[in-house]
Amino acid sequence: MANRITREVPGAEICGIVQRPVQQLPLAQQLIINGGTHPSFFSPRILSNAKVWFHSVVERLVHWALWWIHGCPPHRNGLKKFTIETLAEECARAGWPFLLAADVSDAEVLDFVRQQSVDLAIVLGELPLGPELLLIPRCGTIRASQSEVVEAKGLHISVEHLARDAETGLAIASLTIPLQFYDGLLALTLKADLITDDLLVQTAKSLRAGDATQASKETTDWMHKIVSPYLTQFEHPSVVNTVQRELICRRCRPIWKLCIETLLLCSPLVVARNWYRWWRGRHPVLILTHHLVTDRIHRMGTSTETFWRQVRFLQRHYRIVSLSEGMELLRSGEVKVPCVALTFDDGYGDNFVSLRAVAEETGIPVTLFLATQPVENHQEFQHDLAKGARRFFPLTWDQIRYWNLRGGEFGSHTHTHFDCGSADQKKLEAEIIGSKNILESHLERPVQFFAFPFGGRRNISSKAMRLAASTYPHVLSDFGGENPPDTGRSNRHLFRKDFCSNLWELELELQSVFDLIAAMKQEFSLGRANTSSFPARLTAASAFKTPRNVSPSPRIDASRHHGSPVQ
């Protein structure tokens, strides 16, 4: 939050930070701080000490085993656990005075604030500020409060400003986040904290430029432009049929099959491969493809809490990088730790809060591929309407620009979410080149990445591949497979894997166990070969010409993204 203020509020300086002890924070905040990942930790049930201890031991053993299978990377990648000591170190590094105070209304805090010559105090969370603190000369306060709305089944957020000489506060903005199907304590907290932080930063920015009344107007206008498009999706419930509900609850693979596949994960073949990669510094950059993080029911969606657990797992065993950083690693020819990039297709509006809330809290980069026509017209996606899903709107250009300025990475996904299996040159140019021009006009920066909609081999004609490869530095498909480092390659064509909701399946997918099994079946004629118009691997040179040799496809791509999850 302090870093956001210094970046986004012109001329602002951080005078100091006052932090309550972790033990005094709400339960949800403590779970976030401790990096809790097991779903039972977020349920209202009280677990016995023995059960918690047993789960902790099993979890540690599993994580240790995976670390060893991965080749014992030199460090545990990006998983960071918050402590008061690390916060104090960060403040010292930034030159910000720091105070740990059990009682934020006592004389110690009063003296601390007076010593720093504070103009504005920003209060995060429900802190009991005493009247003495509010009456400090030259110190105004903005604070946000969150309260549950039982009738509306949601969470109400309000922001108020207390001027340095005023006895009552002035309401700046307020809104209500509706309760959604998969919402839990953790999900609501993450989303509410994100929106609250956005409002507080915008209020501070507006106060810097004018008085409280003008700040209230500017913040309200900003809220209607940036946040309201997300909230209006919930004015009417989405239409979800029984088939879609079953798709969300269904496991992709039975447990017995996962157990057999896990034996291959622990086999000398996979372990030796990973240790060799660690020894040579040649881990691949793995790219995962997803669509939306949402707490509504959607056949391609993942709930906020599920995505939180996925990210915490990935941070523990992989280094999460942006696509741009991943390309730099591939070009360097040296990747010393397992790396993963997260991508999201289509540009769903739910991602603006649910996805961004997890990304902001964990500090991970994400890349979104946008279909520009639905964004321009703010219309629902045709593949959703065909499946009976309603009121899943795309991001707005205002939201995209807001996210882009704050670290989001965006690429093209055609103009109309077009099936690029077509050979119509004019249509392909309008979809592939036209979407790039539209995106760059709004982002005011070059667009480096293009992802084919649907992404299977039958959805990418040779004309489409040549046109995309000549228009964008990097082209992504959903063929599956890995992206190995190589200083002699341009890595024009990148391969993406499925982002499985189940952590067990996700790890097997990342370690290419499913691909190995498919290759074994083909080798011993245990499965039906599926011929393809593309080889298993495309280099920058082969992307510009139709391959003469046809090789079997290692994966089944039918109904992969807009139907039932087929493997």
Side-chain angles (χ1 to χ4, degrees), residues 3 35 66-67 70-80 274 277-278 280-291 293 302 307-345 351 355-369 403-412 443 445-451 472-487 489-500 503 506-507 509-512:
N3 286 323
L66 290 178
W67 178 69
H70 288 184
C72 298
H75 61 280
R76 302 302 287 269
N77 305 321
L79 184 62
K80 296 180 180 180
N274 290 339
R277 287 173 171 175
W278 169 79
R280 295 292 305 276
R282 291 184 55 82
H283 287 282
V285 174
L286 306 170
I287 304 175
L288 293 175
T289 177
H290 213 321
H291 285 83
V293 179
T302 295
F307 184 60
W308 164 267
R309 293 194 293 273
Q310 291 172 335
V311 169
R312 300 300 287 183
F313 171 82
L314 291 173
Q315 285 185 312
R316 188 159 190 164
H317 297 287
Y318 298 84
R319 176 185 172 192
I320 301 180
V321 298
S322 65
L323 271 184
S324 298
E325 186 179 1
M327 295 310 97
E328 293 178 3
L329 289 171
L330 292 179
R331 283 192 292 267
S332 72
E334 187 175 63
V335 184
K336 295 183 177 180
V337 296
C339 292
V340 171
L342 308 183
T343 66
F344 293 79
D345 287 356
N351 287 331
L355 169 59
R356 197 164 59 94
V358 177
E360 288 279 338
E361 182 64 42
T362 56
I364 63 167
V366 294
T367 301
L368 293 91
F369 290 100
W403 201 345
N404 178 59
L405 293 173
R406 288 155 183 81
E409 190 172 53
F410 293 90
S412 172
L443 298 178
R445 65 171 62 180
V447 174
Q448 304 290 325
F449 301 97
F450 173 82
Y472 298 85
H474 305 285
V475 177
L476 291 85
S477 68
D478 292 342
F479 291 0
E482 301 174 340
N483 303 286
D486 193 339
T487 53
R489 292 168 55 94
S490 61
N491 293 292
R492 298 289 294 276
H493 182 194
L494 303 170
F495 296 86
R496 298 195 290 178
K497 292 175 171 287
D498 287 326
F499 202 145
C500 305
L503 293 181
L506 178 60
E507 174 62 16
E509 176 73 54
L510 289 169
Q511 291 300 310
S512 299

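Along the sequence shown, residues are numbered consecutively beginning with 1.
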Next item on the list: Decide yes or no for Leu510 and Leu288: does some side-chain heavy atom of the first lie under 4.5 Å from some side-chain heavy atom of the second?
Entry: yes

Notebook entry, point to check: Between the main-chain N or O of His291 and the side-chain N or O of Asn351, is there a donor-acceptor pair closer than 3.5 Å?
Noted result: yes

Item checked: Side chains of Val366 and Phe344 in contact at under 4.5 Å (non-hydrogen atoms) -> yes

Next item on the list: Would you give the length of the straight line joining atom CG of Leu342 to atom CD1 of Ile287, rounded to the nearest 0.5 angstrom?
Entry: 10.5 Å

Notebook entry, point to check: Are Leu329 and Cys339 close enough, and set up right, to give a side chain to side chain contact (heavy atoms under 4.5 Å, CB included), and what steps lead you there?
Noted result: CA-CA 9 Å; Leu329 289 171; Cys339 292; 3.9 Å; yes

Margin query: With no hydrogens and no angle check, just 3.5 Å: does a side-chain donor-acceptor pair link Thr302 and Gln310?
Written below: no

Checklist line | Close side-chain approach of Arg319 and Val340, heavy atoms under 4.5 Å | finding: no

Check: Any sub-3.5 Å donor-acceptor pair from Trp278's side-chain atoms to His70's backbone N or O?
Finding: no

Notebook entry, point to check: For Val285, does its backbone N or O pair with a side-chain atom of Asn483 as donor and acceptor, under 3.5 Å?
Noted result: yes

Note to self: Just by distance, no angles: are the side chains of His283 and Glu334 close enough, under 3.5 Å, to form a donor-acceptor pair?
What the structure shows: no

Note to self: Using 0.5 Å steps for rounding, measure from the CG atom of Asn274 to the SG atom of Cys72.
What the structure shows: 10.5 Å

Check: Which word best sums up how the rings of His290 and Phe307 line up, parallel for under 30°, tilted for 30 to 60°, or perpendicular for over 60°?
Finding: perpendicular

Note to self: Side chains of Glu409 and Asn404: any donor to acceptor distance under 3.5 Å?
What the structure shows: no

Notebook entry, point to check: Just wondering, more than 12 heavy atoms not from Arg406 lying within 6.0 Å of its CZ?
Noted result: yes

Notebook entry, point to check: If you take all heavy atoms of Phe479 and His493, which pair is closest and at what distance?
Noted result: CE2-CE1, 3.7 Å

Item checked: Heavy-atom closest contact (Thr362 atom, Gln315 atom, distance) -> O-NE2, 3.0 Å

Next item on the list: May I ask you to decide if the ring planes of Phe313 and Tyr318 are parallel, tilted or perpendicular, using 30° and 60° as cut-offs?
Entry: tilted

Margin query: Quick check on Trp403: does its CH2 atom have over 12 non-hydrogen neighbours (other residues, nucleotides or ligands) under 6.0 Å away?
Written below: yes

Note to self: On a heavy-atom basis, which atom in Leu330 and which in Leu494 lie closest, and how many Å separate them?
What the structure shows: CD1-CD2, 4.2 Å

Next item on the list: Applying side chain to side chain contact (heavy atoms under 4.5 Å, CB included), run through Val358 and Trp308 and close with a yes or a no.
Entry: CA-CA 6 Å; Val358 177; Trp308 164 267; 4.3 Å; yes

Notebook entry, point to check: Is any NZ, NE, NH1 or NH2 atom of the basic residue among Arg312 and Glu361 found under 4.0 Å from an Asp or Glu carboxylate oxygen of the other?
Noted result: no

Notebook entry, point to check: Can you list the residues that meet the side-chain hydrogen bond (donor to acceptor under 3.5 Å, both in side chains) rule with Glu360, with sequence neighbours excluded?
Noted result: none

Item checked: Donor-acceptor pair between Arg496 and Ser477 side chains, under 3.5 angstrom -> no

Check: Is there a side-chain hydrogen bond (donor to acceptor under 3.5 Å, both in side chains) between Ser512 and Glu482 once you walk through the steps?
Finding: CA-CA 8 Å; Ser512 299; Glu482 301 174 340; 2.8 Å; yes

Item checked: Taking every non-hydrogen atom, the tightest pair across Ala451 and Asp345 -> CB-OD1, 4.5 Å

Check: Could you state the interatomic distance from NE2 (His317) to CD (Gln511), rounded to the nearest 0.5 Å?
Finding: 10.5 Å

Margin query: Please enumerate all residues that pass side-chain hydrogen bond (donor to acceptor under 3.5 Å, both in side chains) together with Ser412, with sequence neighbours excluded.
Written below: Ser435, Tyr472

Item checked: Minimum-distance pair of heavy atoms, taken over all atoms of Gly481 and Lys497 -> O-CE, 3.4 Å

Check: Looking at side-chain heavy atoms only, is the closest gap between Phe449 and Ser324 below 4.5 Å?
Finding: yes

Notebook entry, point to check: Does Leu476 reach the side chain of Phe369, with side-chain heavy atoms less than 4.5 Å apart?
Noted result: yes

Check: Sub-3.5 Å donor-acceptor pair from the side chain of Ser322 to the main-chain atoms of Pro365, do we have one?
Finding: no

Next item on the list: Hey, could you give me the CG/OG1 distance between Leu323 and Thr343, rounded to the nearest 0.5 Å?
Entry: 6.5 Å

Item checked: Minimum heavy-atom distance between Pro284 and Pro485, given as atom pair plus value -> CA-CD, 4.2 Å

